[in-house]
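To start, the structure itself, in structure tokens.
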Amino acid sequence: MIPQSFEYTAPQTLKEALALIEGGERKILAGGMSLIPLMKLRLAQPAEVVDLGRVPGLNYISETDGVVRIGAMSTHHAVETSPVLRAHCPLLAETAAMIGDPQVRNMGTMGGSIAHADPAADYPASLVALEARIRLVSAHSERTVEASEFFQDAFTTSLEPGEIVLEVEVPVEPSNEGSRYEKFAHPASGFAVVGVAARIRKSGDRIAMARIGVTGMGTHAFRDRAAEQVLESGGTIADAAAIVGAGEQPNSDLFASADYRLHLARIHAARALTAALSRAS
Amino acid sequence: MKVSGSYVVPVPQERAYALLQDPAILTKCMPGCEGLDLIGENEYAMRMKMVLASVSGLFAGKVKISEANPPASFRLIVEGNGKIGFMKGEGLLTLSPSGDGTNVQYEGDVHVGGTIANVGQRLLDTTARMLIKRFFEKLASEAGQSERRLAAD
Amino acid sequence: MATTISKPETLVGKSIRRQEDPRLITGTATYLDDIKMPGMHHACIVRSPHGAARIRSVNTAAALALPGVAAVFTGADIKDLGAVPTASSLPGLRVPHHHLLAQDRVYYAGHPVAVVVATDRYIAADAADLVEVDYEPTPAVADPEKALAPGAPAVHPQWPDNIAFTFHQEGGDTAQAFRDAEVVVKQRITSQRLIPTAIETRGVVAEWRQGDKAVTMYSSTQIPHLLRTICAAILGMPENHLRVITPEVGGGFGSKLNVYAEEALMCFIAKRIGKPVKWVESRRENFQCTIHGRGHVDYYELAAKRDGTMLGLKLKLIQDLGAYHQLLTPAIPTLSVLMMPGLYKFKSITADIIGTFTNCVPTDAYRGAGRPEATHGIERMVDILAAELKMDPVEIRRKNFVGKDEFPYATTTGLTYDSGNYGAPLDKALAAVDYAARREEQVEARKAGRLMGIGISAYGEICAMGPSAAMPAGGWESATVKIEPSGKVTVMTGASPHGQGEETTFAQIAADELGVDINDVMVVHGDTSVVQYGIGTFGSRGTAVGGAALFYALQELKAKIRKFGVMLLGSENVALVGGSCVDQETGKSVSFAEMVTAAHHAKTLPPNTQPGLVATHFWEPPNFTFPFGAHIVVTEVDRDTGAIQIRRYVAVDDCGKVINPLLVSGQVHGGVAQGLGQALWEEAVYDDDAQLVSGELTDYALPRAHFMPFIESSHTETPSPVNPLGVKGVGEAGTIGCSPAVVNSVVDALAPLGVRHIDMPLTPQKIWKLIQAGGHA
Amino acid sequence: MKRKISLTINGKPYTDEVEPRLLLIHYLREVAGLTGPHIGCETSICGACTVMLDGRTVKSCTMFAVQADGHKIVTIEGLAADGQLDAMQEAFWNEHGLQCGFCTPGMILSARQLLADHPNPSDQEIRHGLEGNLCRCTGYQHIVNAVRAAAGKAGA
């Protein structure tokens, strides 16, 4: 399968890159793990492609003042193995390790993945649970949006034409926090039929804070604040898991109908929360 | 693939029904629609450019309205053909009053073929629901605007 | 010149690493797509996106106008060529004319409509996009039972009932068996459509040699000689002007045991454009256009006594044929019928096949080809009967096995089982899994609310295809052995291995028989201009038929070598030992090299003996072989998600004598993986419009490394009397034994909920819904 | 418009003019003449096209040749360049870790990557490390054996 012809530019600076993508006509290539298969199937036929692979300064993971900053071009492998993330945000490293397969993780990037916003991608569940913020830049602007605002619909984010993801900011998970990403992977595609990210902080025996991010279930990842509320107001994990996804219209496909998918989301929420709780101290 | 659901449009039933028959409104509301040209009674040729993330495709097709039973119900048939596949959607739309607005209930069947069916089944249901949602959201906003225009006149 | 001769260790029976591997592990092997030729063009095929449609017009102008495009061919260009044939000749078979390219209609999504030929594969792909085909879609039907319903769309308008053939077979008095029955169990059992998915897709390179008025075709095929004969007939060219070469073949599993339109098309195109042309299938084409396997809807009825004695079996078998007959399409379900008795002493069996057209790609031989369907059915029915009678599944099997002293055993379906000891692998498997302990564990698990299951299958199969009487186009195999002047040995086999390792096993056999170093043996295959005519590699026949042919050729050659030994030693009382010839009285010997030199230099010759050392043998097997075995699977079902965990997988297979245990275990593992694929994950799904919605590897789930359990594989060894090697064949055993063991295990796990049967694949959703419904989904 | 790319493959420099849409796998196979990496799908699932890019495995069918400009590639042909089989190749041979051989070049590179990342893997880690490579012949068991054997050798 052969992609259609396109013009290719590989800008050497961010400024150059942003100038090229102004207007949003040109397609941005990061790791290519979503875009290139679509181009080969000719489902995507961009006339012009801008490759961010040669833009310096987009590939870093560092921690300052309680915030981990992840450059958009960081590969999933880099996220998975980053000592900074393993120490300060193990949930994200754990999530990255469950994306696709080793070769995909070696090429795919965080910025590319979240900008593509596949409804069954893994990162979004963890990013919304982590209350991550996403820094977006264009030639003329720079802004930061909450992860829960960023993912708007299937393949739809708050990115405006001409904007790219610059960096993801994740608050450091305190050392007493427990977190976990639980995924039911599609056996063929490896995508999350459902994936649930959970974070828990305890205060004595009660749950002081709970965060739940769900992917794969609806048109986009979401934070389940109602279920979080149940836990934070003394409810059990079973109580919370039982209402996960209430009010959402679950996706349905050959592999999992809407009712099964909703059920899986709740089961995996319970599992993720239980594991997170056991990791919290 | 079966689709069903309902949306509320903030205009009275007769008005909602009329809007749903108006090719200018349909053009604005159908995601990607670039124009409807009358080719027969209640039948239009359609040009559509679907863009969803990286996926894009040009479709040529038809929109047809049948079984018109104003202002209660009608059948909407949308067909499109393109290089990346083809689709045919057919649904019965039933209108009923809902407060100051109109509840539009739809129930139908969508058939998809070609590449998008062969490789996209994981996302067809999600996408179909999203496009229908966009249609009704746009319709609601257009309806709201048309109400304001009417009120201003 | 007397030397001490000691009989060397034999290689047969040893785990020898493969002769073919060095080129494969270094990336230096040549597969089809690795072939490059000067001036080579590339073809891209335009295919129907519709399951059924009339073609109003095909416009190739835009494609032809693209620089680099050499030609575009459509149905009109090939309408006078022959059709893709089926070798099956069932009485009354309706055979639609299978043109190389669609004429005025398309019958399945993927049906080839036009071929674009360009200097470069990228340009060919661009040009294919520019071919405008105006279709008028017509109603399609993808489900065979729906196709048989009154008023269903006709796949072929001339046959509105969609029935390609019916086939009735009856052995014994089934009606009486059901009258005598104390218990009758019935079940509808499906065996879903599967996509063979060799990791190498199909491909063809064809080269027209103007000077010779001949075509050389390279094809990724399992059957080079049959392909040559059939393709030449389609093209209307002399068979000896067509040379077929199979390069390295990246897996077949039956999907390359066929003659495809593209093979003839590329030969036709190469001649028309006067340039070599290459076509390589994309994965999506492979899913849409290369044959699928299985596609059964079976209705079983089993009559038995209350003590578990099975009396008779009735089967209505609806075979989803697809839109056309490929090489063996209609024949595959007849193999299921033959295999229906399994390992059991049925007195009567009645089967009715309804071969049904659908708007789908044809089904044909996929690993096991008819036997997995039958084994799945019978092994499920035995368990259903056991459950009905509250008998242990082991006990009921033992009670009905053909006894080890009853061979050769004539079945009610007309077969003669060659040899067997059906209790042996079952006993060995039961011991390996510690059956009694597992049953106790299950009692405890059930008390704790866990869903644990133990599943058994005792399978038999029909291998070494096969006697020619039972095969559409010959069931023999050929071998030539040449000893070159330097003493090196060349073996040419008519079989065409593609991963099975015959370059090694055949070299083991030849080295043992001739007493030469295995590294002095080269096994050549897959070139119709080099190798004598042969049938090919499929149906677990490579070693059992091709190896036997080799054995006989070696005996002929040894007899001739011995004549030179007699001549050189001047004694009749000689024997071949190792590679040498030894005078039994004096102990004097002549070496292999000396005899080979004598034969080639031919200064003097033994009486009535020609120079040279070549022998060719065409071997006609007197019967099939009938391998057997027992698989036991322990599963646990996750109540919350419906996911199935395979805790133990024990496979004990009896494939007769083993030439190379390492390779046999490889065949079993690979076979089990494909059986497990069918049991748990794989399904080709067409929607109601006959669109293949599992159209890529992103939806069609192949087993991956981390899905697979550790397979505890071992053997019993019951030699076959059918061939001199005593081998039975093993290529399909794992697949055939696997799926019923897995499903029996999961049904056993869910039995407390009242579950009696589940159709494959056992997806988590299906299992979960059953659990939700308390077993009654 | 064609672009000039320069890269190192198996230690040797290559410079060519390529169309931007040329996939790396096609560049390797048809321009550089390295047919060891294979094509088994178009959706980045099967892993037959796996090569090393700057020391890490990637699927060369899901990458444009222009993206590899300036980078170092190693293909299966680069492992036994001096005629001496790599330990993983040797292990695949000894353990019968292949049948038709089509997936093998990619599988061997993934297996080496997994040992580079986890020198003493458990069987489950081995199986997960090979998630990106499909084999239809072996049922993976002999492949797992081969990786285990190669790990043992490396550890010894």
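Treat the numbers as computed from the prediction; the structure is a model and nothing was measured. Lettering of chains follows the sequences in order, A, B, ..., and the numbering in each one begins at 1.
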Rounded to the nearest 0.5 Å, what separates atom [atom1] in [X] from atom [atom2] in [Y]?
X         : Y         : atom1 : atom2 : value
Gln89(D)  : Leu79(D)  : CD    : CG    : 4.5 Å
Ile711(C) : Cys738(C) : CD1   : SG    : 8.0 Å
His706(C) : Ile126(D) : NE2   : CD1   : 14.5 Å

Measuring heavy-atom distances to chain D, does [X] have an atom under 4.5 Å in its side chain, in its backbone, in both, or in neither?
X         : result
Pro196(C) : backbone
Tyr31(C)  : side chain
Leu663(C) : both
Glu281(C) : neither
Glu696(C) : side chain
Phe253(C) : side chain
Val672(C) : neither
Thr28(C)  : neither
Ser713(C) : neither

With a 4.5 angstrom heavy-atom cut-off, could you sort out which part of [X] is near chain C: side chain, backbone, both or neither?
X         : answer
Leu134(D) : both
His38(D)  : side chain
Leu23(D)  : both
Phe102(D) : both
Leu22(D)  : both
Glu30(D)  : both
Thr138(D) : backbone

Chain C contacts, top residue of [options] (heavy-atom pairs, under 4.5 Å):
options                        : value
Asn133(D), Ile143(D), Ile45(D) : Ile45(D)
Glu77(D), Arg21(D), Met107(D)  : Arg21(D)
Gly132(D), Cys137(D), Ala80(D) : Cys137(D)
Tyr140(D), Trp93(D), Phe92(D)  : Trp93(D)

Between Tyr649(C) and Phe710(C), is the ring centre distance below 6.0 Å? no

Can the ring centres of His26(D) and Tyr122(C) be said to be less than 6.0 Å apart?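 Ring-ring flag for His26(D)/Tyr122(C): true, centres closer than 6.0 Å.
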
Looking at every non-hydrogen atom in both residues, tell me the closest pair between Ile76(D) and Gly36(D) and how far apart they are.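 Smallest interatomic distance, heavy atoms only, reads CG2-CA, 3.6 Å.
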
Among [options], which residue has the highest count of heavy-atom pairs closer than 4.5 Å to chain D?
options                                   : answer
Ser665(C), Gly501(C), Ala29(C), Ala198(C) : Ser665(C)
Gly734(C), Pro703(C), Ala673(C)           : Pro703(C)
Asp126(C), Ile16(C), Thr201(C)            : Asp126(C)
Leu676(C), Val280(C), Val668(C), Asp33(C) : Asp33(C)

Could you check whether any side-chain N or O of Gln113(D) sits under 3.5 Å from a backbone N or O of Thr57(D), counting only pairs where one atom can act as donor and the other as acceptor? yes

Side-chain (Glu200(C)) to main-chain (Gly250(C)) donor-acceptor, under 3.5 angstrom: yes

Does [X] reach the side chain of [Y], with side-chain heavy atoms less than 4.5 Å apart?
X         : Y         : answer
Arg121(C) : Cys44(C)  : no
Met708(C) : Gln141(D) : no
Val18(D)  : Lys2(D)   : no
Ser282(C) : Glu285(C) : yes
Thr15(D)  : Lys4(D)   : yes
Met37(C)  : Val205(C) : yes

